[in-house]
A.B. asks: 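Before I ask anything, let me first share the structure, which is written out below as structure tokens.
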Amino acid sequence: MKIHNDLLLRVARGEKTERPPVWLMRQAGRILPQYRSLRASLSGFKELVETPHLAAEVSLQPVDELGVDAAIIFSDILVIPEAMGLPYEMIEKKGPNFPRTIQSSLDIQNLIEGENAADELGYVYKAVEITVNELQGKIPLIGFAGAPWTIFSYMVEGSGSKTFSKAKKLLYKEPALAHQLMAKITATTIQYLKRKIAAGVSIVQVFDSWAGVLSPAQYETFAIPYLKQICEAITAVPVIVFARGAWFAMENINQLDCAVIGLDWNTPPEVARGELGNQRVVQGNLDPCFLYASGEEITAATKEMIRKFAGHHIVNLGHGVYPDTPLENVKTFVNTVKEFKY
Ligand code: CP3
């Protein structure tokens, strides 16, 4: 389908544009009153994720309300462990929990992987089809998956963690097993992303949310090779790699065959440009907490960031928008970008 506002795709392909595109990680969610009221009428988070027309509705909410340059399909990275055989629960006000986790070689052997696992996620592909159909080519739809290391850490820990010491322990004590698990997650993620692309997403983002807990050597050994496989396997659309906290691995990430590198808010634009060069397409990276500041401050900081990245830049925050961010401030951020001219 021809996309009317394809600013995001043009920048991802390395083209120069009149202004940068803008979208926000976690734009489809609790910042929007429409989301909160729909969510309150349902049995829980999973009902929303698993009901394609509702997931599509929530994906479209920020398009109407904020006027962003891209939609992201409403889902969660945790559908992958579930499709592989480890169901998750989303506990209100607490977050994800896995009743069963990976503890042994046998647990890894028992996992479903690749196409068989991707086959389990029909509700996601259906939600993508409905969303693309309803967007009518207005803007691109972003598909996403968790990076293998981030998915690995949930499968081993069973929930979020401050240290991820159980997951990291496995890397140090049982490296061969860790590679087996990483390989299964990667094979599944590749099939899953291909199916999402077939269903209609125009670009994909891989979230390595827990990259920053690994040592540089662990990241190089256990994360980079699998990200590389994903980047090499996904050729039909541009790939954005967002590895939060992985400033120490910037050189390795720069070598990945991905169209765009996502930057977190700890990375100063000039440092990123110094390491990546002026032509590398980057995404980010205003501190999400900046959106608690005044409108004037948000406008000034956003413009300053755009000037510092100096092109080949997709505007976003340095991580997901926090649920209690005033909606007016999110709009100020988006509108500042839309009014900007290089
Ligand atoms: O707008 C979007 O970005 C699309 C939707 C989206 C969600 N999760 C919906 C969601 C995306 C891209 C994700 C990715 C995701 N999920 C990541 C990677 C991005 C990141 O933030 O680092 C991670 C680590 C998860 C796992 C996850 N899902 C956690 C830790 C939690 C609980 C914490 C929280 O934010 O509440 C979730 C739940 C979740 N996923 C919510 C939403 C809107 C909140 C659930 C609710 O409605 O109660």
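Side-chain atoms are counted along with the backbone in the values below, which use heavy atoms only and exclude waters and symmetry mates. Order of appearance sets the numbers: ligands from 1, and atoms from 1 within every ligand. This structure is a prediction, so every number in the text was calculated from the model and none was measured.
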A.B. asks: Any protein N or O within less than 3.5 Å of an N or O in ligand 1? List each pair with its distance, or say none.
C.D. replies:
{"residue": "ligand 1", "atom": "1 (O)", "partner": "Q27", "partner atom": "N", "Å": "3.1"}
{"residue": "ligand 1", "atom": "1 (O)", "partner": "A28", "partner atom": "N", "Å": "2.7"}
{"residue": "ligand 1", "atom": "1 (O)", "partner": "A28", "partner atom": "O", "Å": "3.3"}
{"residue": "ligand 1", "atom": "3 (O)", "partner": "R26", "partner atom": "N", "Å": "2.8"}
{"residue": "ligand 1", "atom": "8 (N)", "partner": "D76", "partner atom": "OD1", "Å": "3.2"}
{"residue": "ligand 1", "atom": "16 (N)", "partner": "R26", "partner atom": "NH2", "Å": "3.3"}
{"residue": "ligand 1", "atom": "16 (N)", "partner": "D76", "partner atom": "OD1", "Å": "3.1"}
{"residue": "ligand 1", "atom": "16 (N)", "partner": "D76", "partner atom": "OD2", "Å": "3.2"}
{"residue": "ligand 1", "atom": "21 (O)", "partner": "R26", "partner atom": "NH2", "Å": "3.3"}
{"residue": "ligand 1", "atom": "21 (O)", "partner": "H319", "partner atom": "NE2", "Å": "3.2"}
{"residue": "ligand 1", "atom": "22 (O)", "partner": "S209", "partner atom": "OG", "Å": "2.5"}
{"residue": "ligand 1", "atom": "22 (O)", "partner": "H319", "partner atom": "NE2", "Å": "2.7"}
{"residue": "ligand 1", "atom": "28 (N)", "partner": "D76", "partner atom": "OD1", "Å": "2.7"}
{"residue": "ligand 1", "atom": "35 (O)", "partner": "R26", "partner atom": "NH1", "Å": "3.0"}
{"residue": "ligand 1", "atom": "35 (O)", "partner": "R30", "partner atom": "NH2", "Å": "2.7"}
{"residue": "ligand 1", "atom": "36 (O)", "partner": "R30", "partner atom": "NH1", "Å": "2.9"}
{"residue": "ligand 1", "atom": "36 (O)", "partner": "R30", "partner atom": "NH2", "Å": "2.8"}
{"residue": "ligand 1", "atom": "40 (N)", "partner": "D76", "partner atom": "OD1", "Å": "2.8"}
{"residue": "ligand 1", "atom": "47 (O)", "partner": "Y35", "partner atom": "OH", "Å": "2.4"}
{"residue": "ligand 1", "atom": "47 (O)", "partner": "R39", "partner atom": "NE", "Å": "2.8"}
{"residue": "ligand 1", "atom": "48 (O)", "partner": "R39", "partner atom": "NE", "Å": "3.4"}
{"residue": "ligand 1", "atom": "48 (O)", "partner": "R39", "partner atom": "NH2", "Å": "2.9"}

A.B. asks: Per the side-chain contact (heavy atoms from CB on, under 4.5 Å) rule, which among V201, V58, L141 passes with T131?
C.D. replies: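 Going through V201, V58, L141 one by one, the side-chain contact (heavy atoms from CB on, under 4.5 Å) with T131 is satisfied by L141 alone.
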A.B. asks: Any cation-pi pair here, K196 with F144, using under 6.0 Å and within 45°?
C.D. replies: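 The answer is yes, since K196 meets both limits relative to F144.
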A.B. asks: Check the angle between the aromatic planes of H313 and F309 and answer parallel, tilted or perpendicular using the 30° and 60° thresholds.
C.D. replies: tilted
A.B. asks: Just so I know, are the side chains of M155 and L111 near enough to count as touching, which here means a heavy-atom distance under 4.5 Å?
C.D. replies: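 Yes, their side chains come closer than 4.5 Å.
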A.B. asks: Measuring only between side-chain heavy atoms, which start at C-beta, is T188 closer than 4.5 Å to I185?
C.D. replies: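 Sidechains of I185 and T188: no contact.
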A.B. asks: Distance to the ring centre below 6.0 angstrom and angle to the axis at most 45 degrees; does that hold for K46 and Y88?
C.D. replies: yes
